[in-house]
Amino acid sequence: MSLLEVNNLRVHGPARELVHGISFSVEPGERLGLVGESGSGKSLTAMSTVGLLAHGLRAEGSVLLGGHQVIGQSDRALVPLRGPVAAVVFQDPRSALDPLMRLGDQLAHPIRRRAKREGRSMSGPQLRAEQLRWLDRVSIADPERILTSWPHEVSGGQRQRIAIAMALACGPRLLIADEPTTALDVTTQAEVLDLLDTLARDEGLALLFISHDLPVVARITDRVIVMQHGRAVEEGPVRQVFTRPRDTYTQGLVAAAQQLEAAVRGMQ
Ligand SMILES: Nc1ncnc2c1ncn2[C@@H]1O[C@H](COP(=O)(O)OP(=O)(O)OP(=O)(O)O)[C@@H](O)[C@H]1O
């Protein structure tokens, strides 16, 4: 059974339909990229798979996540799926972090939830050891200080590393990453991307990776869906789509990425 199976997903906005019937699946351990220009419907598609659409939007069709139907379910019914089956890393790590809670307390939350789910009791020292282990896994320097810090006391890159640690500490089988490096500077982007790549491999995670950055998607995913105006215009293995694009829109995206790369090379 697929980990995620999306069938004829439509997303309706207040005034018009925004995603016009998209279908795809993600197998355990597979890495799927969603690419396309700004406003093409990548985020709405991804957020629909975990029932996280903004107020005023409505999804229709079928989304089976870990075999459970997501469309039409209440938030309460989706809680057991969010975290254990799929976790999300957002573009802006501040959306995952409570500004009024110390980082250690925030990281404790998914660790405790997972332990409870697995029927493990957890002492204070065990919890602290787990917090430090997760900070080490996301390569956070000075973890003791970080645990007692507030979100505004750490850098954007550190916030994103902690958001990734919180997502992975839930023990998900699918990680949805929505432009996870866009808000970071170029050096930090590359580091966080490497981190995601390594952690996903080590944990055997499936990835649904959203980006408008084609080289990044080429590096991190196996298969890609190209979206335009709320529709999938092309889908296939990432190498095939990026080296021999069939659709004219994809051809344009690939040509633009190549031109940018050539221009940067010319400056060096
Ligand atoms: N809450 C909302 N209410 C109304 N329209 C929305 C809402 N959220 C998104 N949209 C519209 O839906 C369309 C798709 O948006 P979506 O965020 O999925 O695009 P995207 O491809 O992820 O773009 P980006 O790369 O800029 O994040 C856009 O036209 C957007 O303006």
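Scope of the values below: all heavy atoms of this structure, side chains included, with no hydrogens, waters or symmetry mates. Counting starts at 1 for both ligands and their atoms, following the listed order. It should be emphasised that the depicted structure is a prediction, and the values quoted were computed from it without experimental measurement.
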* Hey, which of N7, L9, N8 is the one that makes side-chain contact (heavy atoms from CB on, under 4.5 Å) with I22? -> L9

* Taking atom CZ of R159 as the centre, report whether more than 12 heavy atoms of other residues, nucleotides or ligands fall under 6.0 Å from it. => yes

* For the atom pair CD (Q158) and OG (S149), what is the distance rounded to the nearest 0.5 Å? -> 8.5 Å

* **S40 neighbourhood, listing ligand 1 atoms whose heavy-atom distance to it stays under 4.0 Å** => 19 (O), 20 (P), 21 (O)

* Contact check, side chains of T148 and L103, non-hydrogen atoms, under 4.5 Å -> no

* Asked: Would you say the side-chain atoms of H68 and Q73 include a donor-acceptor pair closer than 3.5 Å?
  -> no

* Asked: Nearest protein heavy-atom contact for atom 7 (C) of ligand 1: which residue, which atom, what distance?
  -> L57 CD1, 3.9 Å

* Out of curiosity, is E37 lining ligand 1, as in a heavy atom under 4.0 Å away? -> yes

* Taking distance alone, with no angle check, do S38 and ligand 1 share an N/O pair under 3.5 Å? -> yes

* Asked: Using heavy atoms and a threshold below 4.0 Å, how should the contact between R16 and ligand 1 be classified: side chain, backbone, both, or neither?
  -> side chain

* Asked: Among protein heavy atoms, which lies nearest atom 5 (N) of ligand 1, and at what distance?
  -> L18 CD1, 3.7 Å

* Give a yes or no answer on whether the side chain of T221 reaches the backbone of V224 with a donor-acceptor pair at less than 3.5 Å. => no

* When you look at CZ of R120, are more than 12 heavy atoms from neighbouring residues, nucleotides or ligands closer to it than 6.0 Å? -> yes

* Asked: Are G41 and ligand 1 in contact, using a heavy-atom cut-off of under 4.0 Å?
  -> yes

* Asked: Does E179 have a non-hydrogen atom less than 4.0 Å from ligand 1?
  -> yes

* F209 CZ to I176 CD1 distance, which is reported to the nearest 0.5 Å -> 13.0 Å

* Asked: Using a heavy-atom cut-off of under 4.0 Å, does the side chain or the backbone of A54 touch ligand 1, or both, or neither?
  -> side chain

* What is the closest protein heavy atom to atom 25 (O) of ligand 1, and at what distance does it sit? -> K42 NZ, 2.9 Å

* To do: Identify, for atom 23 (O) of ligand 1, the protein heavy atom at the shortest distance, and state residue, atom and that distance.
  => G39 N, 2.8 Å

* Asked: Does even one non-hydrogen atom of G13 get within less than 4.0 Å of ligand 1?
  -> no

* Asked: If you measure only the distance, is there a donor-acceptor pair under 3.5 Å linking the side chains of S2 and E27?
  -> yes

* Asked: Is atom 31 (O) of ligand 1 less than 4.0 angstrom from at least one protein heavy atom?
  -> no

* Take every heavy atom of Q228, measure it against each atom of ligand 1, and state whether any distance is under 4.0 Å. => no

* Per atom 9 (C) of ligand 1, closest listed option by heavy atom (L53, L44, V19) -> L44

* Options G36, P14, S43, ranked by nearest heavy atom to atom 17 (O) of ligand 1, top entry -> S43

* To do: Look at atom CZ of R117 and say whether more than 12 heavy atoms of other residues, nucleotides or ligands are closer to it than 6.0 Å.
  => yes

* To do: Go through the side-chain N and O atoms of S95 and D92 and say whether any donor and acceptor fall under 3.5 Å apart.
  => no

* **Side chain, backbone, both or neither: the part of D178 lying under 4.0 Å from ligand 1 by heavy atom** => neither

* For T45 and ligand 1, does the shortest N/O to N/O distance drop below 3.5 Å? -> no

